[in-house]
2 protein chains.
Amino acid sequence: MKDKAAKPGGRAAPAQKRPAHRLTMADVARRAGVSTATVSRALTRPDQVNEKTRDLVRGIAEELGFRPNLIGRQLRVRAATSLLILVQDLDNPFYAELIKGAEAVARANHLSVMVGGTDGLEEVEQLYSEQFLGRRVDGLVILFGHLPAGISPKMAEHSPIVLVSEDNPALNLSSVLVDNVGWAERAMGYLMERGHRRIAHITGPLARIISRQRQEGYWNALAKAGLPQDPALEALGDFSFERGRAAARELLSLPDRPTAIFCANDEAAVGAILGAADLGLSVPSDVSLIGFDDIMLAQISQPPLTTIRQPRQQMGAAAAQLLIDMIEHGPGKRAHKQLDCELIERSSVRSI
Amino acid sequence: MKDKAAKPGGRAAPAQKRPAHRLTMADVARRAGVSTATVSRALTRPDQVNEKTRDLVRGIAEELGFRPNLIGRQLRVRAATSLLILVQDLDNPFYAELIKGAEAVARANHLSVMVGGTDGLEEVEQLYSEQFLGRRVDGLVILFGHLPAGISPKMAEHSPIVLVSEDNPALNLSSVLVDNVGWAERAMGYLMERGHRRIAHITGPLARIISRQRQEGYWNALAKAGLPQDPALEALGDFSFERGRAAARELLSLPDRPTAIFCANDEAAVGAILGAADLGLSVPSDVSLIGFDDIMLAQISQPPLTTIRQPRQQMGAAAAQLLIDMIEHGPGKRAHKQLDCELIERSSVRSI
DNA sequence: TCCTCACTTGCAATCGATTGCAGAAGTTAT
DNA sequence: ATAACTTCTGCAATCGATTGCAAGTGAGGA
């Protein structure tokens with residue numbers, strides 16, 4: 001990659017004879033007997049050039065298969081061209097749909113979307129920050145709750161950056177969020193309305209703000225119902241299927257078994273279905289389950305999962321839109337967009 | 001976006017006073033009392049400039065927070081900077097993992113990854129083709145079996161383009177594939193080894209080559225075993241969960257019910273589990289099921305699905321690598337990379 | 001003392017398109 | 001016929017960095 005020097009020995013040079021002179025506007029101009037300025041105008045501002053000239057130039061450009069070099073254009077016309085979406089885990093289905101929403105809006109605004117999966121690695125964050133600082137991307141959608149290494153909070157203040165899904169109140173950045181605390185409370189409320197009193201919680205990884213917020217909602221609901229917090233009813237999870245399964249086994253082996261479990265996400269909830277099955281218990285007859293997110297899995301699981309749906313695609317779209325506004329009008333003041341979730345009733349909860 | 005003209009009425013202009021003159025090398029140069037050439041070298045070829053000058057320049061660059069404009073650099077140094085991955089449906093989990101694999105390899109080679117979801121729309125394909133023709137991206141990973149609108153086969157011959165997952169033999173392009181026919185046959189073989197003779201098939205959408213290849217594998221296996229093709233045993237699917245469910249109901253309502261079903265993909269297979277359940281039948285005791293792909297769902301379904309695993313991440317990585325080679329050494333001759341699948345034995349098949 | 005060579009640095013061209021400004025040509029009004 | 005406009009086109013600067021070439025400096029050798 002970096003070293004193209006001809007190898008001393010080796011097989012004969014495979015490359016083409018000449019570097020295949022790339023077609024530029026100058027070529028079209030020469031061929032049409034006009035200046036490059038005219039070519040440029042003929043191609044991008046048809047009304048500013050005489051009809052005959054325009055058709056001539058366009059014809060020749062067509063015939064030659066000329067396409068303007070977008071890098072050249074971009075250097076001159078400083079218009080935004082792309083957004084970068086930063087994710088920790090690119091193949092998490094939750095993010096995929098979000099990316100889709102953002103891409104659609106970006107595309108409608110003549111922007112393209114780059115994606116970067118950081119795996120949580122600082123060096124990779126740094127690398128992508130460079131793209132932003134080097135103005136190769138014009139805005140940043142961040143799907144984790146911190147600034148990527150290489151971007152200082154002060155810098156971020158004045159930049160088109162938006163935090164999505166996971167907030168970080170310490171940074172005062174624009175964001176697109178759902179009310180995790182409130183909807184966790186709502187999920188708990190749903191369980192309580194159906195008579196459940198002894199309700200366990202499988203958390204997400206507590207290092208993540210989003211997990212702590214859902215936990216807070218769990219606590220709030222308990223408090224409002226005058227129920228005590230019982231540490232034994234909180235099992236540490238990490239959003240994974242396997243951990244959800246194990247956690248459910250722990251919780252359901254308790255002497256005084258909970259009648260329902262609020263899971264911090266769907267994947268863990270589906271794990272919990274199996275964890276229950278491991279103990280010969282079935283959902284919802286022996287234990288009720290409610291999840292969070294409404295990933296595809298939630299519809300397909302047996303039983304289908306009652307859960308809180310996050311409007312993922314809309315979140316992505318809103319993020320892109322916010323960014324585009326910031327790019328056009330300057331960062332201005334922070335915008336905090338909050339989208340509504342929805343409780344999707346399926347069959348993993350029964351009344352008692 | 002296109003029209004920035006000041007709105008006649010409205011609130012006061014929110015934009016900053018001045019467009020915040022962007023820092024360039026010239027600024028650093030002036031401040032350091034050297035030429036931009038020296039700044040450039042001090043920053044990118046440390047050994048070519050005197051130690052003292054270098055430190056001075058770097059210090060000032062640091063202090064000023066200068067970052068070189070990557071667009072300017074890219075215009076001058078024609079090095080590849082990015083790959084574009086084109087997909088029909090961005091939130092299909094199958095592709096997400098593939099993108100992840102490609103991104104990792106791209107990143108390791110100092111390239112970034114753009115993604116485009118076309119939804120199968122020609123106009124969107126056209127739009128992304130433009131990015132490629134305009135040299136804003138240097139290579140194309142295509143995850144569907146045709147060239148995007150706007151790129152002619154002849155053009156494609158000489159360009160860094162690779163078809164992944166879905167081939168199109170008509171185009172003679174480089175590709176990264178699995179042997180869909182062979183592995184479909186293998187799936188069928190697995191069923192037959194376990195005594196199944198009456199085996200149905202839920203196809204994918206037959207417009208897609210990949211579906212037809214798996215179907216061909218199904219037929220081949222039948223033929224090799226001396227079994228007849230029975231049209232009644234082939235149900236048209238579309239890779240979706242719902243259609244899989246419906247198809248399974250049709251097949252299992254047949255007077256002479258199949259003992260096993262080979263599903264063209266996992267999502268349909270999981271649907272089939274429920275389709276069977278709809279008829280009071282259970283998997284694998286009443287009917288065996290084998291899928292294709294090994295998406296996450298396959299591990300989690302009840303019962304977990306026996307299936308053919310495609311090495312998605314490797315496919316993405318191989319595609320990126322192939323592209324990078326083509327970019328460095330010219331397209332050269334076509335490379336067809338075939339990766340191995342793996343039969344993952346879980347519990348959706350029983351011997352009879 | 002003069003020559004050669006290595007090491008630093010700057011000049012200016014270059015990548016490819018866009019666009020402000022001004023001149024040329026043509027039209028209309030007076 | 002002349003002034004006043006329009007309309008069209010080209011010149012040349014510009015966006016921001018990189019790099020071939022040449023010049024300047026100082027050290028070391030003859």
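Naming: A, B, ... by sequence-line order, numbering from 1 per chain.
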Quiz item: Closest to the B/Asn69 side chain: C/dT19, D/dA17, C/dG10?
Solution: D/dA17

Practice problem: Using whole Å, report how far CG of B/Asp27 lies from C1' of D/dC15. | Solution: 14 Å

Self-check item: Rounded to 10 degrees, the angle between the two terminal axes of the helix from C/dT1-D/dA30 to C/dT30-D/dA1, each from five pairs
Solution: 50°

Quiz item: Checking only heavy atoms, does the side chain of B/Arg41 share a donor-acceptor pair with the base of C/dG10 at less than 3.5 Å?
Solution: yes

Quiz item: Nearest to the side chain of A/Ala37, which nucleotide is it out of C/dA17, D/dG10, C/dA13?
Solution: D/dG10

Quiz item: Are B/Gln88 and B/Thr118 close enough that a side-chain donor and a side-chain acceptor fall under 3.5 Å?
Solution: no

Exercise. Tell me which nucleotide among C/dT18, C/dC15, D/dT19 gets nearest to the side chain of A/Thr36.
Key: C/dT18

Quiz item: Taking for each residue the nucleotide of DNA chain C bearing the nearest heavy atom, is the 5' side occupied by B/Gly72 or by B/Thr38?
Solution: B/Thr38

Quiz item: Is there a donor on the side chain of B/Arg76 or the base of C/dT14 sitting less than 3.5 Å from an acceptor on the other?
Solution: yes

Self-check item: Among C/dC15, D/dT19, D/dG10, the nucleotide that comes nearest once only the side chain of A/Val34 is considered
Solution: D/dG10

Quiz item: Does the side chain of B/Arg54 come within less than 4.5 Å of B/Glu51's, by heavy atoms?
Solution: yes

Quiz prompt | Residue pairs involving residues 124-137 of chain B (criterion salt bridge (charged side-chain N to carboxylate O under 4.0 Å, His left out); sequence neighbours excluded) | solution = A/Arg67-B/Glu130

Practice problem: Assess whether one donor atom and one acceptor atom, taken from the side chain of B/Arg135 and the base of C/dG16, lie less than 3.5 Å apart. | Solution: no

Practice problem: Can you sort out which residues in residues 43-65 of chain B have a heavy atom within less than 4.0 Å of DNA chain C? Ascending by number, please. | Solution: B/Gln48, B/Val49, B/Asn50, B/Thr53

Quiz item: Nearest to the side chain of B/Leu75, which nucleotide is it out of C/dC15, D/dA17, D/dG10?
Solution: C/dC15

Quiz item: To the nearest Å, how far apart are B/Gln74 CD and D/dA17 P?
Solution: 14 Å

Quiz prompt | Test item: B/Arg334 and B/His336 side chains (from C-beta on) under 4.5 Å apart, heavy atoms | solution = yes

